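The shown structure was predicted, so the numbers you read here are calculated from the model rather than taken from an experiment. Every heavy atom of this structure was used, including side-chain atoms; hydrogens, water molecules and symmetry mates were not.
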Amino acid sequence: LKWEGRMEELMAPGSDVGCSILQVFADAHLRGFTETTSRYHALSYVGLEERRISLLGKLQRFRDQGETMCDLAGVLLGISNKTGASVWFQRARDVGAAHGFFVVESKACTGLGSLAMDQGRHAEGVELLQNAVVAAQLNELDDPSYVAIAMTELVDAL
C-alpha cells in the first residue's frame, strides 16, 4: 500500500496515532463488508485489525485488544471461517482472564460457546455459555446488557 511506509512511522511503540489510523481504515472496511458482504472488505478488515491488535498489546490497552479480537472473530464468522473465529475468541478469552476484563471474557466465551454448540459439542458449549453469564455479571462496566446477551445464548442452547 502507498501509505504503508508512513504508517509504520506513525505506529512507533507507545503511539496511539497509528492505532487510531488503523481503526479508521478498519472501520471503513467493516462498513463495506456489512453493506456488501464483500470478501475483499472482510479480509482487508482482518489484516488491519490483526495489526491493530498487536499494537494495542504493545500499548497495554488490553481491554481494547480483547474487544477487537472478539470483533475480528465475528467478521471471520461472517465469512464462514469458524476455525479462525475460534482462535481469536480464545485469544480474547485469554486476554480478558489475564487482565481481569470480564466484558471481554464474557464476549469471548459467548462466541466460543456458540461455536461449540454449532459443532455439536453440547456439553462444552453449555459450560462456555455458563462461564459467559458469570463473567457478564462481574463486568467492570456494570452494564446489564452483557448478562442479557449471554443469558439469551445460554437459553437458546438449552
Testing the basics here: between Ile79 and Ala42, what is the closest heavy-atom pair and its distance to 0.1 Å?
CG2-CB, 3.6 Å

Yes or no on side chain to side chain contact (heavy atoms under 4.5 Å, CB included) for Phe102 and Val134, after CA distance, side-chain angles and deciding distance?
CA-CA 9 Å; Phe102 295 107; Val134 171; over 6 Å; no

Any side-chain heavy-atom pair from Trp88 and Glu50 closer than 4.5 angstrom?
yes

Are the side chain of Gln65 and the backbone N or O of Ile53 linked by a donor-acceptor pair below 3.5 Å?
yes

Would you say that Asn131 contacts Glu105 through its side chain, given a criterion of any heavy-atom pair below 4.5 Å between the two side chains?
yes

Spell out, yes or no, whether Leu30 and Leu72 are grouped together once hydrophobic residues are joined by side-chain heavy atoms under 4.5 Å, including indirect joins.
yes

When every non-hydrogen atom of Phe101 is compared with those of Arg63, the smallest separation belongs to CE1-N, 3.5 Å

What distance separates Leu43 CG from Asn81 CG, expressed to the nearest 0.5 Å?
9.0 Å

Find out if a path of hydrophobic residues (ILVMFWY) with successive side-chain heavy-atom gaps under 4.5 Å connects Leu112 to Val87.
no

Separation of Leu76 CG from Met69 CE (nearest 0.5 Å)
12.5 Å

Can you name the nearest heavy-atom pair linking Tyr146 to Ser106, along with the distance?
O-OG, 4.4 Å

Check: Tyr45 ring centre within less than 6.0 Å of His29 ring centre
no

Main-chain N/O of Gly32 paired to Thr36 side chain as donor or acceptor, under 3.5 Å
yes

From Ser54 atom OG to Leu22 atom CG, the distance as rounded to the nearest 0.5 Å:
10.0 Å

In short, Ala132 meets Thr110 closest at the heavy-atom pair CB-OG1, 3.3 Å

Taking C-beta and beyond as the side chain, do Asp71 and Val75 meet within less than 4.5 Å on heavy atoms?
no

Under a 4.5 Å cut-off applied to non-hydrogen side-chain atoms, are Phe62 and Val104 in contact?
no

For Leu128 and Ala116, which heavy atoms make the closest approach, and how far apart are they?
CD1-CB, 4.5 Å

Give a yes or no on whether Leu158 and Met151 share a hydrophobic cluster (residues Ile, Leu, Val, Met, Phe, Trp, Tyr; joining criterion: side-chain heavy atoms under 4.5 Å apart).
yes

In Å and rounded to the nearest 0.5 Å, what is the CG to CD distance from Leu154 to Gln130?
6.0 Å

Please determine whether side chain to side chain donor-acceptor pair (under 3.5 Å) holds for the pair Asp94 and Gln90, giving the CA-CA distance in whole Å, both sets of side-chain angles, and the decisive distance to 0.1 Å.
CA-CA 6 Å; Asp94 294 344; Gln90 186 59 54; 2.9 Å; yes

I need the minimum non-hydrogen distance between Arg52 and Cys19, along with the two atoms involved.
CD-O, 3.4 Å

Check step by step if side chain to side chain donor-acceptor pair (under 3.5 Å) holds for Ser114 and Glu153.
CA-CA 7 Å; Ser114 295; Glu153 290 292 326; 2.9 Å; yes

Under a 4.5 Å side-chain heavy-atom rule over Ile, Leu, Val, Met, Phe, Trp and Tyr, are Val126 and Leu115 clustered together?
no

Would you sort out whether Leu129 and Met117 count as a side chain to side chain contact (heavy atoms under 4.5 Å, CB included), showing the intermediate values?
CA-CA 10 Å; Leu129 292 170; Met117 297 301 290; 4.3 Å; yes

Taking atom SG of Cys70 and atom CZ of Arg91, what is their separation to the nearest 0.5 Å?
12.5 Å

Leu77 and Phe89: CA distance, side-chain angles, deciding distance, side chain to side chain contact (heavy atoms under 4.5 Å, CB included) verdict
CA-CA 11 Å; Leu77 284 176; Phe89 278 134; 3.9 Å; yes

